[in-house]
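In what follows, every heavy atom counts, from backbone to side chain, and hydrogens, waters and symmetry copies are set aside.
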Amino acid sequence: MTTPRRRLVIVVRADPVICGHSGEARNLAEVALTRGFADVRLLTWPISTLQAAGLPLKPLDRLLPYSPGITVERPEAVGDYRVPDGRHQAGLTGRLVELLAEPVPTTCLSMYLMPHAAVVMDAVTSARAAGFAPNVHTIVKAVGSDVTNVIRSCLRDGRFGAATVLFTTFLANDEVVAVSEYTREEIVASAEQVDARCGTTFAEQCRRRVTVSYPPIDSAAFLDLDPAHVDAALAKRGLERDGYILFLSRVTPAKGIYDLLTAFGRMRCRSRVKLVVAGTGPSLEQVQALANQDDRVVVLTDVDDHEKPLLMRGCAAYALPTKPEPDFVETFGIALAEKMLAGGGPIITTTTGGTLEAVGDTAIIVEPGNIGELAATVDRVILDMSAAERQELELRARTRAMAFDRTAVFDDLFPQEALAAGVR
C-alpha cells in the first residue's frame with residue numbers, strides 16, 4: 001500500500017454548516033492540493049449531530065463537491081448512551097490518532113478552539129505516549145466565536161478554570177493564529193484578565209506568538225459573473241436587478257437583522273426596492289413572522305453557494321448592520337469580502353469588531369444600532385447616489401478584497417509549503 005507523501009488534516013465544523021469558517025476549510029483544502037499535499041482530510045462531525053445541535057445548515061442536496069484528494073471524514077460517536085458527553089469528540093480524537101500513527105508527515109490545523117484544538121492536542125499527546133512518534137506540525141486558528149462566545153463567557157461567569165484550559169490548549173500548538181487583528185487584540189485582552197486573576201502569563205505569550213491570517217475566499221466564484229446567469233437567478237426568485245436590498249448572513253440579532261427590518265419600514269426607497277433576507281439562524285422564525293406582515297420583505301432560506309454571488313451581484317445595496325451582542329461580535333465579516341468581489345450595489349455596514357479590516361474605505365458606514373441613520377443611509381444610496389460613485393466604490397472594493405483570495409491567504413499561512421511549490 002502506498003502512503004501519501006504529505007498530509008493536511010483540518011479539524012473544523014465543515015459543510016453543511018452555514019458558517020464562514022467551513023468555507024475557510026474548503027478553500028484551504030483546495031489550495032493545499034496545489035501545494036504538494038497529496039492527502040487532505042477534513043475531520044468533522046456527523047450530519048445527524050449537526051442537525052440535532054440546531055445549527056443553520058445548507059441544503060444537503062446542493063453541497064458543492066470537493067476536488068479529488070480531499071476526504072471529508074465524519075467519525076461516529078464512541079461508546080453508547082451511558083457516556084452522554086464527549087462521545088463524538090472521542091470519535092474525532094481517535095480517528096486523528098489513527099492518522100498520526102501512519103508514517104506520513106502531517107500538518108494539523110484546528111479551527112475553533114473548543115473543541116477542535118483540544119481534539120488535535122489530545123490526539124498528538126496520545127500518539128506520542130503510545131510510541132507512534134508522529135511527524136506532525138500543529139496550527140490553531142482562533143475565530144470570532146472563540147473569543148466572543150467561549151472566552152468572554154468564561155470571564156463573565158468567573159470560570160477562570162475553563163479559560164485557563166482554553167489558553168493552555170491554544171498555546172500548546174506549534175503556531176497560534178487569529179482570524180483578524182481585532183480577534184488578536186481581544187485574545188490578548190482576555191488573557192490579561194485571566195493573568196490578573198490567576199497569576200498566569202498568557203497575555204505575554206499571546207502578544208509574542210499570535211499572528212493574523214484573514215479568511216481565505218475563492219475569488220473565482222465571485223468574479224466575472226455572467227450577466228445572463230445573474231438575471232436568470234433573480235427571475236427565478238421573482239426579483240429584478242437593482243430591485244432589492246440584500247441581507248445575506250446568519251439570521252441573528254448580532255447581524256443587525258431586527259434593526260434592518262425596522263429601518264426598512266421607515267425607508268422612502270421601499271416603494272422602489274424590496275428587502276431580501278437570505279439565510280437561516282436562531283432568529284429565522286421571528287423574522288419570517290415579521291416578513292409576513294410586510295409584502296416588501298422576501299425571506300430566502302435555501303440559497304446555496306452557487307446562487308449566493310448572483311444575488312450579491314444583482315442587488316441595489318447590501319446591508320449588514322452588525323452590532324455587538326453578549327454572545328457574538330463580528331470579528332471580520334467574510335460575507336462582506338465576498339460581496340466586495342461579486343460587485344453590485346454598495347455595502348452598508350458598521351464599525352463593529354473587525355469589519356473595517358474587511359471593507360476598509362470601500363463601504364458606507366453607519367453607527368451600530370442607529371436605526372434612523374441606517375434608514376437615511378440606505379435611502380441615500382438607493383435614491384441619490386450617482387452611477388459613477390457606485391461604480392467607483394465597486395471597483396475599489398473588488399481590488400481590496402483580492403487580498404483575501406484563498407491562494408494568497410494559504411501561502412501566507414503555510415509559507416514553507418508555498419516555497420516548496422516554487423511560489424514566491
Only one of Asp379, Ile382, Val378 forms a side chain to side chain contact (heavy atoms under 4.5 Å, CB included) with Arg268, so which one is it?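 Only match with Arg268 under side chain to side chain contact (heavy atoms under 4.5 Å, CB included): Asp379.
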Which residue in the set Val72, Ile70, Val9 passes side chain to side chain contact (heavy atoms under 4.5 Å, CB included) when paired with Arg41?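 When Val72, Ile70, Val9 are each tested with Arg41, the side chain to side chain contact (heavy atoms under 4.5 Å, CB included) holds only for Val9.
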Could you check whether [X] pairs with [Y] (Lys NZ or Arg NE/NH1/NH2 to Asp/Glu carboxylate O, under 4.0 Å)?
{"X": "Glu24", "Y": "Lys141", "value": "yes"}
{"X": "Arg272", "Y": "Asp242", "value": "no"}
{"X": "Glu394", "Y": "Arg390", "value": "no"}
{"X": "Glu76", "Y": "Arg95", "value": "no"}
{"X": "Lys236", "Y": "Glu307", "value": "no"}
{"X": "Asp195", "Y": "Arg197", "value": "no"}
{"X": "Asp361", "Y": "Arg400", "value": "no"}

Within 45° of the six-membered ring axis of Phe328 and under 6.0 Å from that ring's centre, is NZ or CZ of Arg250 located there?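 Yes, a cation-pi geometry.
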For the residue pair Arg35 and Phe414, would you count it as a cation-pi contact if the rule is NZ or CZ under 6.0 angstrom from the ring centre and within 45 degrees of the ring axis?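 Not flagged: Arg35 not positioned over aromatic ring of Phe414.
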One pair to check against ring-ring contact (aromatic ring centres under 6.0 Å, His included): Tyr318 and Tyr244. What are the steps and the verdict? CA-CA 9 Å; Tyr318 176 85; Tyr244 59 97; over 10 Å; no
Is it the case that the side chain of [X] and the backbone of [Y] share a donor-acceptor pair, with hydrogens and angles ignored and the cut-off at 3.5 Å?
{"X": "Arg209", "Y": "Leu171", "result": "yes"}
{"X": "Thr211", "Y": "Val177", "result": "no"}
{"X": "Thr301", "Y": "Thr280", "result": "no"}
{"X": "Arg7", "Y": "Thr106", "result": "no"}
{"X": "Ser22", "Y": "Cys19", "result": "yes"}

Exactly one of Arg26, Lys58, Arg62 should register a side chain to side chain donor-acceptor pair (under 3.5 Å) with Asp305. Which one does?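 In the set Arg26, Lys58, Arg62, the residue that makes a side chain to side chain donor-acceptor pair (under 3.5 Å) with Asp305 is Lys58.
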On a heavy-atom basis, which atom in Lys323 and which in Thr352 lie closest, and how many Å separate them?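 Of all heavy-atom pairs spanning Lys323 and Thr352, the closest is CA-OG1, 3.4 Å.
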Does atom CD (Gln288) have a neighbourhood of more than 12 heavy atoms from anything else shown, all under 6.0 Å?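 Atom CD in Gln288 is packed in, count exceeds 12.
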Aromatic contact, Phe160 with Phe167 (centres under 6.0 Å):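 No, they do not, as the ring centres are separated by 6.0 Å or more.
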